[in-house]
Each structure stands twice: as structure tokens, then as C-alpha cells.
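No hydrogens, no waters, no symmetry mates; every other heavy atom, side chains included, goes into these values.
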Amino acid sequence: MSETIFSRIVRGEIPCHKVYEDEHVLAFLDVNPIAPGHTLVIPKEPAVTLDQLSDGAAGGIGRALPRICRAVTKAVGATAYNVLQNNGADAHQLVEHVHFHVIPHLGGQGLGLGWKPSPLDAEQGAELGRKIARLL
Ligand code: AMP
């Protein structure tokens with residue numbers, strides 16, 4: 001659990017452009033948007049990474065996120081968008097409080113991806129799939 005700028009926004013100590021709030025969730029405009037409508041959706045619970053989130057907070061996020069995506073895209077007239085969620089500094093997480101970026105793709109603005117995919121080996125895939133499943 002962490003004390004971050006987002007905890008302070010949740011407590012109302014720092015202003016934000018709020019677009020949604022309920023018992024578990026707060027959503028507000030990103031202060032440095034990469035596209036018009038770039039919105040952050042956060043649990044009020046101060047978990048650092050997604051895997052640390054309680055079931056209650058996760059349920060709240062799951063319920064609110066699709067509604068917020070609909071409103072954001074409608075507000076800016078986007079038909080495509082990305083939901084990005086970074087965990088850990090190596091994965092580009094700057095603020096250590098779980099947050100989902102809702103990023104409209106609009107007029108050339110939006111999230112750029114640098115994926116370099118390669119085909120999954122069938123044998124390794126089967127083994128890894130079983131290993132992950134055992135850990136769930
Ligand atoms: P990440 O790299 O996933 O941790 O992204 C953190 C995001 O938080 C960045 O897009 C910042 O622009 C955004 N951010 C940081 N401080 C604030 C703030 N006070 N209000 C709104 N957005 C913020």
C-alpha cells in the first residue's frame with residue numbers, strides 16, 4: 001500500500017478534473033494527455049499494482065471501466081481507444097497506485113505500440129499454460 005499523488009486526489013487534497021466517482025472508483029482526466037479525453041480510472045484502494053488489488057476494489061473497477069470508456073469515446077468522438085495499465089517501473093509505471101489509462105485514438109493521436117511478437121512454441125506454450133493454471 002502506498003501514499004501517492006493519487007491517494008491525495010482521492011482524499012480531495014489535490015484537485016483533478018473528475019469525471020466519475022463511486023464507493024470504489026475515481027476517474028479523472030490525465031494531466032498530460034496523449035490524446036483528447038485521456039482519462040485515468042483508479043481504485044480508491046491504494047494498491048501499487050493490479051495483482052495486489054482486493055476482490056472488492058477489482059469488482060468496482062470492472063463494473064465502472066466499460067461505462068467510462070463509453071463516455072470518454074462519445075465525448076471526444078472516437079471510435080477506437082486503448083486501455084493501458086502499467087505495473088512496475090520496468091513496465092513504465094510512474095505513479096505507484098493502480099490506474100487504468102483510457103486513451104482515445106483520434107486523428108493520429110493515441111497510444112503507439114512497440115510490440116515485437118514471435119510465434120509461440122506449441123510445447124513450451126502447453127507447459128507454461130499448465131504452470132500458470134496451477135498457480136491460479
Ligand atoms: P503511469 O506511467 O502509467 O504511471 O502513468 C501515470 C500518469 O499519471 C501519467 O500519464 C501522468 O500524466 C498522470 N498524472 C500524474 N499526476 C497527475 C495528476 N495530478 N492529475 C492527473 N494525472 C496525473
Side-chain angles (χ1 to χ4, degrees):
M1 298 296 164
S2 62
E3 171 66 19
T4 66
I5 194 161
F6 289 175
S7 309
R8 301 192 63 200
I9 289 175
V10 167
R11 293 199 298 270
E13 295 168 5
I14 290 178
C16 70
H17 294 288
K18 179 163 72 178
V19 301
Y20 178 80
E21 182 169 16
D22 67 26
E23 180 192 352
H24 290 293
V25 178
L26 182 68
F28 51 91
L29 297 183
D30 194 296
V31 79
N32 286 308
I34 65 167
H38 183 169
T39 297
L40 299 175
V41 182
I42 72 170
K44 291 185 173 176
E45 184 176 279
V48 177
T49 53
L50 189 60
D51 50 283
Q52 297 170 2
L53 207 56
S54 70
D55 285 354
I61 289 282
R63 273 190 299 277
L65 202 45
R67 281 180 65 201
I68 295 166
C69 291
R70 285 193 288 273
V72 167
T73 50
K74 197 168 179 186
V76 299
T79 53
Y81 64 100
N82 295 93
V83 176
L84 174 70
Q85 202 275 316
N86 300 328
N87 297 279
D90 287 346
H92 310 289
Q93 182 181 16
L94 294 177
V95 179
E96 292 186 327
H97 182 129
V98 172
H99 52 281
F100 292 75
H101 297 257
V102 178
I103 307 169
H105 193 84
L106 201 62
Q109 288 179 284
L111 183 68
L113 294 181
W115 285 13
K116 296 189 183 101
S118 56
L120 179 67
D121 175 85
E123 210 172 296
Q124 287 173 359
E127 191 182 329
L128 186 56
R130 282 193 295 270
K131 184 175 182 181
I132 294 169
R134 276 199 303 274
L135 290 167
L136 283 167

Would you list the atom pairs, donor with acceptor, under 3.5 Å between side chains in residues 126-136 and any protein atom, with sequence neighbours excluded?
none

In a table with atom names and distances, give each donor-acceptor pair under 3.5 Å that connects a side chain of residues 64-89 to protein atoms at least two apart or in another chain.
unit_1, atom_1, unit_2, atom_2, d
T73, OG1, C69, O, 2.8
T73, OG1, R70, O, 3.1
Q85, OE1, N87, ND2, 2.6
Q85, NE2, N87, OD1, 3.2
N86, ND2, H92, O, 3.4
N87, OD1, L50, N, 2.9

List the atom pairs, donor and acceptor, that lie under 3.5 Å between side-chain atoms in residues 113-123 and the rest of the protein, sequence neighbours left out.
unit_1, atom_1, unit_2, atom_2, d
D121, OD2, E123, N, 3.1
D121, OD2, Q124, N, 2.8

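Checked against ring-ring contact (aromatic ring centres under 6.0 Å, His included), F100 has no partners two or more places apart in sequence or in another chain. Taking H24 as the reference, nothing meets the ring-ring contact (aromatic ring centres under 6.0 Å, His included) condition, with sequence neighbours excluded. Residues satisfying the salt bridge (charged side-chain N to carboxylate O under 4.0 Å, His left out) test with R8, not counting sequence neighbours, are E13.
For H101 and H99, the ring centers are positioned less than 6.0 Å apart.
Here the straight-line distance linking atom CG of L40 with atom NE2 of H17 works out to 12.0 Å at 0.5 Å rounding. The distance from atom CD1 of I42 to atom OG of S7, rounded to the nearest 0.5 Å, is 7.5 Å. We find the OG1-CG distance between T39 and L29 to be 5.0 Å, quoted to the nearest 0.5 Å. One distance of note links SG of C16 with CG of L26; it measures 5.5 Å at 0.5 Å rounding. I61 CD1 to L53 CG: the interatomic distance, rounded to the nearest 0.5 Å, is 6.5 Å.
Contact between P104 and A35 at its shortest, heavy atoms only, is O-CB, 3.3 Å. A pairwise comparison of heavy atoms in Q109 and P36 identifies OE1-CD, 3.5 Å as the closest pair. Between T4 and H97 the shortest heavy-atom distance is OG1-CB, 3.5 Å.
Looking only at side-chain heavy atoms (C-beta outward), V98 and V48 stay at 4.5 Å or farther from each other. The shortest side-chain heavy-atom distance between S54 and E45 falls under the 4.5 Å cut-off. Counting only heavy atoms from C-beta outward, the side chains of Q93 and T49 approach each other to under 4.5 Å. Between F28 and V41, every side-chain heavy-atom pair lies at or beyond the 4.5 Å cut-off.
Salt bridge E23/R63: absent, no basic N to carboxylate O contact under 4.0 Å.
Partner K44 forms a side-chain contact (heavy atoms from CB on, under 4.5 Å) with one of D22, V10, V25 and no other, that one being V10.
Within a 6.0 Å sphere centred on CG of D55, heavy atoms belonging to other residues, nucleotides or ligands number 12 at most.
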